[in-house]
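Okay, so here's the structure we're looking at.
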Amino acid sequence: MQFELERLGVHESVEAVFPPAELAASLSNLPTEVAVIGDDEIPRYDAVVTLEHREAFLEVEWVHSIQAGVDRFPFDEFEDHDVILTNSTGIHDRTVGETVAGYLLMFARRLHAHVANQRERRWTRPEWDEAFTLPGSTACVVGTGTLGRGVAETLGGLGVRVTGVRRSGDPVPGFDEIDTTDRLLEAIADAEFVIVTVPLTDETHHLFDAEAFDAMRDDAYFVNVARGSVVDEPALIDALEGDALAGAALDVFEAEPLPEDSPLWGMDEVIISPHCAAYTRDYFRDIGDIVRENVDRLAAGEEFHNRVV
(Lines give C-alpha, C1' and ligand atoms only; values in the text may rest on other atoms or scores of the structure.)
Protein backbone atom coordinates (compact mmCIF):
# COMPACT_ATOMS: atom_id res chain seq x y z
CA MET A 1 0.00 0.00 0.00
CA GLN A 2 1.37 3.43 -0.95
CA PHE A 3 0.39 6.86 0.35
CA GLU A 4 1.87 10.32 0.63
CA LEU A 5 3.27 10.89 4.11
CA GLU A 6 2.99 14.62 4.78
CA ARG A 7 2.23 14.73 8.51
CA LEU A 8 3.37 12.33 11.23
CA GLY A 9 1.98 12.73 14.74
CA VAL A 10 3.39 11.56 18.04
CA HIS A 11 0.31 10.93 20.16
CA GLU A 12 0.35 12.35 23.66
CA SER A 13 -0.41 8.89 25.13
CA VAL A 14 3.28 7.97 24.80
CA GLU A 15 3.84 10.33 27.75
CA ALA A 16 3.31 7.26 29.95
CA VAL A 17 6.63 5.89 28.65
CA PHE A 18 8.69 8.91 27.52
CA PRO A 19 8.12 12.60 26.73
CA PRO A 20 6.49 12.77 23.28
CA ALA A 21 8.49 15.89 22.48
CA GLU A 22 11.71 13.86 22.74
CA LEU A 23 10.55 11.47 20.01
CA ALA A 24 9.21 14.31 17.86
CA ALA A 25 12.55 16.12 18.13
CA SER A 26 14.49 12.98 17.21
CA LEU A 27 12.36 12.65 14.06
CA SER A 28 12.54 16.31 13.11
CA ASN A 29 14.96 15.60 10.26
CA LEU A 30 12.42 13.46 8.40
CA PRO A 31 11.09 14.87 5.12
CA THR A 32 7.65 15.32 6.68
CA GLU A 33 5.98 17.43 9.35
CA VAL A 34 6.35 15.85 12.80
CA ALA A 35 4.41 17.11 15.82
CA VAL A 36 3.05 16.04 19.19
CA ILE A 37 -0.71 15.66 18.89
CA GLY A 38 -3.80 15.08 20.99
CA ASP A 39 -7.01 13.25 20.15
CA ASP A 40 -8.62 16.17 18.32
CA GLU A 41 -5.73 16.48 15.89
CA ILE A 42 -5.52 12.84 14.80
CA PRO A 43 -7.63 13.18 11.61
CA ARG A 44 -5.23 15.80 10.23
CA TYR A 45 -2.31 13.36 10.23
CA ASP A 46 -1.32 10.59 7.83
CA ALA A 47 0.50 8.53 10.45
CA VAL A 48 0.53 8.36 14.25
CA VAL A 49 2.96 6.90 16.78
CA THR A 50 1.02 5.90 19.87
CA LEU A 51 0.76 3.86 23.06
CA GLU A 52 -3.03 3.70 23.20
CA HIS A 53 -5.75 3.09 20.63
CA ARG A 54 -8.22 5.73 19.48
CA GLU A 55 -11.20 5.30 17.14
CA ALA A 56 -9.88 8.23 15.10
CA PHE A 57 -6.94 6.06 14.01
CA LEU A 58 -9.30 4.49 11.48
CA GLU A 59 -9.00 7.75 9.54
CA VAL A 60 -5.20 7.66 9.18
CA GLU A 61 -2.98 5.62 6.89
CA TRP A 62 -0.45 4.18 9.33
CA VAL A 63 -0.35 3.60 13.09
CA HIS A 64 2.82 2.59 14.93
CA SER A 65 2.57 1.06 18.41
CA ILE A 66 5.47 1.86 20.74
CA GLN A 67 4.97 -1.55 22.33
CA ALA A 68 5.44 -5.01 20.88
CA GLY A 69 2.02 -6.10 22.11
CA VAL A 70 -0.81 -4.90 19.89
CA ASP A 71 -3.78 -6.67 21.48
CA ARG A 72 -5.37 -3.30 22.24
CA PHE A 73 -5.79 -2.49 18.54
CA PRO A 74 -8.83 -3.78 16.53
CA PHE A 75 -7.20 -5.72 13.69
CA ASP A 76 -10.40 -6.32 11.75
CA GLU A 77 -11.37 -2.65 11.78
CA PHE A 78 -7.86 -1.63 10.70
CA GLU A 79 -8.06 -4.06 7.79
CA ASP A 80 -11.53 -2.85 6.80
CA HIS A 81 -10.27 0.75 6.72
CA ASP A 82 -6.91 -0.09 5.06
CA VAL A 83 -4.93 1.18 8.06
CA ILE A 84 -1.39 -0.14 8.36
CA LEU A 85 -0.36 -1.20 11.88
CA THR A 86 3.27 -1.70 12.86
CA ASN A 87 4.73 -2.51 16.26
CA SER A 88 8.01 -2.28 18.17
CA THR A 89 8.99 -5.93 18.25
CA GLY A 90 12.74 -6.39 18.44
CA ILE A 91 13.80 -3.56 20.74
CA HIS A 92 12.88 -4.98 24.15
CA ASP A 93 15.07 -8.07 24.32
CA ARG A 94 17.92 -6.74 26.46
CA THR A 95 15.84 -4.40 28.61
CA VAL A 96 13.28 -7.04 29.56
CA GLY A 97 16.04 -9.62 29.94
CA GLU A 98 17.84 -7.43 32.47
CA THR A 99 14.62 -6.74 34.36
CA VAL A 100 13.92 -10.46 34.65
CA ALA A 101 17.51 -11.08 35.76
CA GLY A 102 16.97 -8.41 38.40
CA TYR A 103 13.88 -10.17 39.70
CA LEU A 104 15.73 -13.48 39.95
CA LEU A 105 18.71 -11.91 41.68
CA MET A 106 16.41 -10.22 44.17
CA PHE A 107 14.79 -13.52 45.09
CA ALA A 108 18.10 -15.41 45.19
CA ARG A 109 20.02 -12.83 47.22
CA ARG A 110 16.93 -11.80 49.27
CA LEU A 111 17.33 -8.17 48.19
CA HIS A 112 13.58 -7.47 48.22
CA ALA A 113 13.47 -8.54 51.87
CA HIS A 114 16.36 -6.21 52.72
CA VAL A 115 14.59 -3.27 51.07
CA ALA A 116 11.42 -4.04 53.06
CA ASN A 117 13.44 -4.30 56.26
CA GLN A 118 15.18 -1.00 55.55
CA ARG A 119 11.83 0.80 55.38
CA GLU A 120 11.01 -0.54 58.85
CA ARG A 121 14.58 0.05 60.16
CA ARG A 122 14.88 -3.66 60.91
CA TRP A 123 18.32 -5.31 61.13
CA THR A 124 17.23 -8.80 60.10
CA ARG A 125 19.39 -11.30 58.26
CA PRO A 126 17.92 -14.10 56.14
CA GLU A 127 17.79 -17.62 57.55
CA TRP A 128 20.86 -19.71 56.79
CA ASP A 129 19.09 -21.62 54.01
CA GLU A 130 17.10 -18.77 52.41
CA ALA A 131 19.64 -17.17 50.09
CA PHE A 132 21.08 -19.01 47.11
CA THR A 133 23.02 -18.41 43.90
CA LEU A 134 21.67 -18.69 40.37
CA PRO A 135 24.21 -21.00 38.66
CA GLY A 136 22.82 -24.50 38.46
CA SER A 137 19.19 -23.40 38.65
CA THR A 138 16.74 -23.82 35.76
CA ALA A 139 14.46 -21.19 34.26
CA CYS A 140 11.67 -22.25 31.92
CA VAL A 141 10.82 -19.39 29.57
CA VAL A 142 7.36 -19.75 28.04
CA GLY A 143 7.58 -17.91 24.73
CA THR A 144 10.79 -17.81 22.69
CA GLY A 145 10.25 -14.66 20.66
CA THR A 146 12.16 -11.41 21.09
CA LEU A 147 11.44 -11.12 24.81
CA GLY A 148 12.09 -14.78 25.51
CA ARG A 149 15.39 -14.76 23.65
CA GLY A 150 16.46 -11.63 25.53
CA VAL A 151 15.65 -13.33 28.82
CA ALA A 152 17.51 -16.50 27.80
CA GLU A 153 20.62 -14.59 26.74
CA THR A 154 20.76 -12.58 29.96
CA LEU A 155 20.07 -15.49 32.31
CA GLY A 156 22.48 -17.74 30.45
CA GLY A 157 25.22 -15.25 31.28
CA LEU A 158 24.39 -15.73 34.97
CA GLY A 159 24.86 -19.49 34.79
CA VAL A 160 21.16 -20.36 34.65
CA ARG A 161 20.09 -23.35 32.56
CA VAL A 162 17.34 -22.03 30.30
CA THR A 163 14.61 -24.16 28.76
CA GLY A 164 11.88 -22.86 26.49
CA VAL A 165 8.31 -23.56 25.47
CA ARG A 166 7.05 -22.72 21.98
CA ARG A 167 4.65 -24.01 19.35
CA SER A 168 7.28 -26.03 17.52
CA GLY A 169 10.05 -28.07 19.05
CA ASP A 170 12.73 -26.55 16.82
CA PRO A 171 15.86 -25.44 18.69
CA VAL A 172 16.30 -21.75 19.51
CA PRO A 173 19.70 -20.08 20.15
CA GLY A 174 20.25 -19.41 23.84
CA PHE A 175 17.96 -22.22 25.05
CA ASP A 176 19.34 -25.48 26.38
CA GLU A 177 16.14 -27.37 25.64
CA ILE A 178 12.82 -26.70 23.89
CA ASP A 179 9.40 -28.19 24.63
CA THR A 180 6.24 -27.72 22.61
CA THR A 181 3.21 -25.90 24.01
CA ASP A 182 1.27 -29.12 24.44
CA ARG A 183 3.93 -30.18 26.96
CA LEU A 184 3.69 -26.99 29.02
CA LEU A 185 2.87 -28.71 32.31
CA GLU A 186 5.79 -31.12 31.97
CA ALA A 187 8.14 -28.31 30.94
CA ILE A 188 7.42 -26.13 33.98
CA ALA A 189 7.38 -28.98 36.50
CA ASP A 190 11.10 -29.05 37.28
CA ALA A 191 12.09 -25.37 36.93
CA GLU A 192 13.03 -23.13 39.84
CA PHE A 193 11.81 -20.15 37.79
CA VAL A 194 8.95 -20.01 35.28
CA ILE A 195 9.00 -16.88 33.13
CA VAL A 196 6.17 -15.86 30.78
CA THR A 197 6.97 -13.85 27.65
CA VAL A 198 4.20 -14.88 25.23
CA PRO A 199 1.91 -12.39 23.45
CA LEU A 200 -1.74 -12.27 24.49
CA THR A 201 -3.92 -14.21 22.05
CA ASP A 202 -7.06 -16.32 22.30
CA GLU A 203 -4.77 -19.34 22.79
CA THR A 204 -2.67 -17.76 25.57
CA HIS A 205 -5.52 -16.14 27.52
CA HIS A 206 -5.31 -17.63 31.04
CA LEU A 207 -2.63 -20.02 29.83
CA PHE A 208 -1.42 -20.05 33.42
CA ASP A 209 -4.33 -21.27 35.48
CA ALA A 210 -4.76 -23.37 38.62
CA GLU A 211 -3.61 -26.49 36.79
CA ALA A 212 -0.41 -24.82 35.63
CA PHE A 213 0.43 -23.47 39.08
CA ASP A 214 -0.29 -26.88 40.57
CA ALA A 215 2.21 -28.39 38.11
CA MET A 216 5.01 -26.08 39.29
CA ARG A 217 7.34 -26.86 42.18
CA ASP A 218 6.26 -25.39 45.50
CA ASP A 219 9.70 -23.74 45.78
CA ALA A 220 9.47 -22.19 42.30
CA TYR A 221 9.12 -18.52 41.45
CA PHE A 222 6.72 -17.26 38.78
CA VAL A 223 7.58 -14.24 36.60
CA ASN A 224 5.20 -12.49 34.19
CA VAL A 225 6.51 -9.86 31.76
CA ALA A 226 4.01 -10.75 29.02
CA ARG A 227 0.42 -9.54 29.46
CA GLY A 228 -1.73 -9.70 32.58
CA SER A 229 -4.49 -11.77 31.00
CA VAL A 230 -2.08 -14.58 30.15
CA VAL A 231 -2.50 -15.41 33.84
CA ASP A 232 -5.63 -16.34 35.76
CA GLU A 233 -4.89 -13.86 38.55
CA PRO A 234 -7.22 -15.34 41.21
CA ALA A 235 -5.60 -18.74 40.60
CA LEU A 236 -2.15 -17.19 41.05
CA ILE A 237 -3.24 -15.51 44.29
CA ASP A 238 -4.62 -18.83 45.57
CA ALA A 239 -1.35 -20.57 44.74
CA LEU A 240 0.70 -17.91 46.55
CA GLU A 241 -1.58 -17.81 49.59
CA GLY A 242 -1.53 -21.60 49.78
CA ASP A 243 2.30 -21.73 49.62
CA ALA A 244 2.10 -23.70 46.38
CA LEU A 245 4.71 -21.28 44.99
CA ALA A 246 7.71 -19.61 46.60
CA GLY A 247 6.86 -16.22 45.13
CA ALA A 248 6.23 -14.16 42.03
CA ALA A 249 7.55 -11.13 40.16
CA LEU A 250 4.79 -9.42 38.19
CA ASP A 251 5.11 -6.53 35.76
CA VAL A 252 1.66 -6.91 34.17
CA PHE A 253 -1.83 -7.48 35.53
CA GLU A 254 -5.35 -8.19 34.35
CA ALA A 255 -6.44 -4.75 35.62
CA GLU A 256 -3.93 -1.91 35.40
CA PRO A 257 -3.13 -0.06 37.55
CA LEU A 258 -3.29 -2.97 39.97
CA PRO A 259 -6.26 -2.23 42.29
CA GLU A 260 -5.31 -1.07 45.77
CA ASP A 261 -7.29 -3.89 47.34
CA SER A 262 -5.39 -6.65 45.49
CA PRO A 263 -3.88 -9.16 47.93
CA LEU A 264 -0.72 -9.14 45.79
CA TRP A 265 0.35 -5.80 47.26
CA GLY A 266 0.76 -7.24 50.74
CA MET A 267 2.63 -10.45 49.94
CA ASP A 268 6.24 -10.54 51.14
CA GLU A 269 7.41 -12.83 48.34
CA VAL A 270 5.78 -10.87 45.50
CA ILE A 271 7.62 -8.17 43.58
CA ILE A 272 5.36 -5.73 41.75
CA SER A 273 6.45 -3.35 39.01
CA PRO A 274 4.03 -1.08 37.09
CA HIS A 275 4.25 -2.52 33.54
CA CYS A 276 7.66 -1.01 32.92
CA ALA A 277 9.98 -3.98 32.36
CA ALA A 278 11.08 -2.58 29.00
CA TYR A 279 11.58 1.02 30.11
CA THR A 280 14.91 2.67 29.43
CA ARG A 281 16.03 6.26 28.84
CA ASP A 282 16.79 5.23 25.24
CA TYR A 283 13.26 3.95 24.58
CA PHE A 284 12.29 6.91 22.40
CA ARG A 285 15.45 6.53 20.32
CA ASP A 286 14.70 2.86 19.70
CA ILE A 287 11.17 3.74 18.60
CA GLY A 288 12.54 6.51 16.41
CA ASP A 289 14.82 4.06 14.62
CA ILE A 290 11.87 1.86 13.63
CA VAL A 291 9.74 4.81 12.53
CA ARG A 292 12.60 6.30 10.51
CA GLU A 293 13.24 2.96 8.81
CA ASN A 294 9.59 2.63 7.84
CA VAL A 295 9.44 6.18 6.49
CA ASP A 296 12.39 5.26 4.26
CA ARG A 297 10.71 2.00 3.23
CA LEU A 298 7.51 3.84 2.36
CA ALA A 299 9.43 6.26 0.15
CA ALA A 300 11.16 3.33 -1.58
CA GLY A 301 7.93 1.41 -2.10
CA GLU A 302 9.10 -1.41 0.19
CA GLU A 303 7.17 -3.47 2.76
CA PHE A 304 6.95 -1.99 6.24
CA HIS A 305 9.18 -3.41 8.97
CA ASN A 306 7.24 -5.04 11.85
CA ARG A 307 3.96 -4.81 9.98
CA VAL A 308 1.11 -6.47 11.88
CA VAL A 309 -1.91 -5.35 9.81
- Return the set of residues passing side-chain contact (heavy atoms from CB on, under 4.5 Å) with T89 (not counting sequence neighbours), or none when no residue passes. A68, N87, T146, N306

- Task: List the atom of L51, the atom of F73, and the distance in Å for their closest heavy-atom pair.
- Result: O-CZ, 4.2 Å

- Query: Taking the side chain as C-beta and beyond, is there a heavy-atom pair between T181 and E203 under 4.5 Å?
  - Reply: no

- Nearest non-hydrogen partners of A248 and F107, listed with the distance: O-CZ, 3.4 Å

- Under 4.5 Å between side-chain heavy atoms, hopping through other hydrophobics if needed: is there a path connecting V63 to V36? no

- Taking the side chain as every heavy atom from C-beta outward, state whether I195 and Y103 have any pair of such atoms under 4.5 Å apart. no

- Is there a side-chain contact between P20 and E15, using heavy atoms and a 4.5 Å cut-off? yes

- Is the shortest heavy-atom distance from the side chain of F75 to the side chain of V308 under 4.5 Å? yes

- Inter- and intrachain pairs under salt bridge (Lys or Arg N to Asp or Glu O under 4.0 Å), touching residues 38-58, at least two apart: D39-R54, E52-R54

- Would you kindly say whether H64 and T86 are connected by a side-chain donor-acceptor distance under 3.5 Å? yes

- In a check of side-chain contact (heavy atoms from CB on, under 4.5 Å) between F208 and each of V196, L236, D232, which one passes? V196

- Message: Counting only heavy atoms from other residues, nucleotides and ligands, does the tally under 6.0 Å from CZ of R292 exceed 12?
- Response: yes

- Item | R94 with E98: basic N within carboxylate O range, under 4.0 Å | yes

- Hey, could you give me each pair passing salt bridge (Lys or Arg N to Asp or Glu O under 4.0 Å) that has a residue in residues 210-220? Not counting sequence neighbours. E192-R217, R217-D219

- Task: Could you pull out all residues at least two apart from L111 that satisfy side-chain contact (heavy atoms from CB on, under 4.5 Å)?
- Result: M106, R109, H114

- Verdict with supporting geometry, L240 and E269, side chain to side chain contact (heavy atoms under 4.5 Å, CB included): CA-CA 9 Å; L240 291 165; E269 291 302 311; over 6 Å; no

- Starting at CD1 of I271, measure out to OG1 of T99 and round the result to the nearest 0.5 Å. 11.5 Å

Sequence neighbours left out, cut at 3.5 Å: what donor-acceptor pairs do the side chains of residues 154-163 make with other protein atoms?
from : atom 1 : to   : atom 2 : distance (Å)
T154 : OG1    : G150 : O      : 2.8
R161 : NH2    : E177 : OE1    : 2.7

- Message: Would you say that V252 contacts V225 through its side chain, given a criterion of any heavy-atom pair below 4.5 Å between the two side chains?
- Response: no

- Side-chain contact, heavy-atom cut-off 4.5 Å: I290 with H305? yes

- Quick one: list whatever passes side-chain hydrogen bond (donor to acceptor under 3.5 Å, both in side chains) with D251, sequence neighbours left out. S273

- S168 to I178 - nearest heavy-atom pair and separation: O-CG2, 3.7 Å

- Task: Taking the six-membered ring for Trp and the full ring for Phe, Tyr or His, determine whether the centres of F78 and H53 are under 6.0 Å apart.
- Result: yes

- Query: So F304 and F3, would you call those rings parallel, tilted or perpendicular, with 30° and 60° as cut-offs?
  - Reply: parallel

- Item | Heavy-atom closest contact (L250 atom, F253 atom, distance) | O-CZ, 3.4 Å

Mind listing the side-chain donor-acceptor pairs of residues 295-303 below 3.5 Å, one per line with the distance, residues two or more places apart or on another chain?
from : atom 1 : to   : atom 2 : distance (Å)
R297 : NE     : E293 : OE2    : 3.0
R297 : NH1    : E303 : O      : 2.9
R297 : NH2    : E293 : OE2    : 3.0
E303 : OE2    : R307 : NH1    : 3.3

Would you give me the side-chain donor-acceptor pairs under 3.5 Å for residues 121-136, sequence neighbours excluded?
from : atom 1 : to   : atom 2 : distance (Å)
R122 : NE     : N117 : OD1    : 3.0
R122 : NH2    : N117 : OD1    : 2.8
E130 : OE1    : E127 : N      : 2.5

- Query: Which pairs pass salt bridge (Lys or Arg N to Asp or Glu O under 4.0 Å) with one or both residues in residues 70-80, sequence neighbours excluded?
  - Reply: D71-R227

- The reported gap from NE2 in H205 to CG in L207 (rounded to nearest 0.5 angstrom) is 11.0 Å

- Just how far is it from atom OG1 of T197 to atom CG of L147, taken to the nearest 0.5 Å? 6.0 Å

- Message: Quick check: do F57 and V48 have side-chain heavy atoms less than 4.5 Å from each other?
- Response: yes

- Heavy-atom nearest pair, A220 first then A191, reads CB-O, 3.4 Å

Show me the side-chain donor-acceptor pairs of residues 182-190 shorter than 3.5 Å, one per line, residues at least two apart or across chains.
from : atom 1 : to   : atom 2 : distance (Å)
D182 : OD1    : T180 : OG1    : 2.4
R183 : NE     : D179 : OD1    : 3.0

- Item | Residues forming a ring-ring contact (aromatic ring centres under 6.0 Å, His included) with H275, sequence neighbours excluded | none

- Query: Which residues satisfy the ring-ring contact (aromatic ring centres under 6.0 Å, His included) test with H92, sequence neighbours excluded?
  - Reply: Y283

- Side chains of I237 and P234 in contact at under 4.5 Å (non-hydrogen atoms): no

- Task: Return the minimal non-hydrogen interatomic distance between F284 and L23, and the atom names on each side.
- Result: O-CD1, 3.5 Å

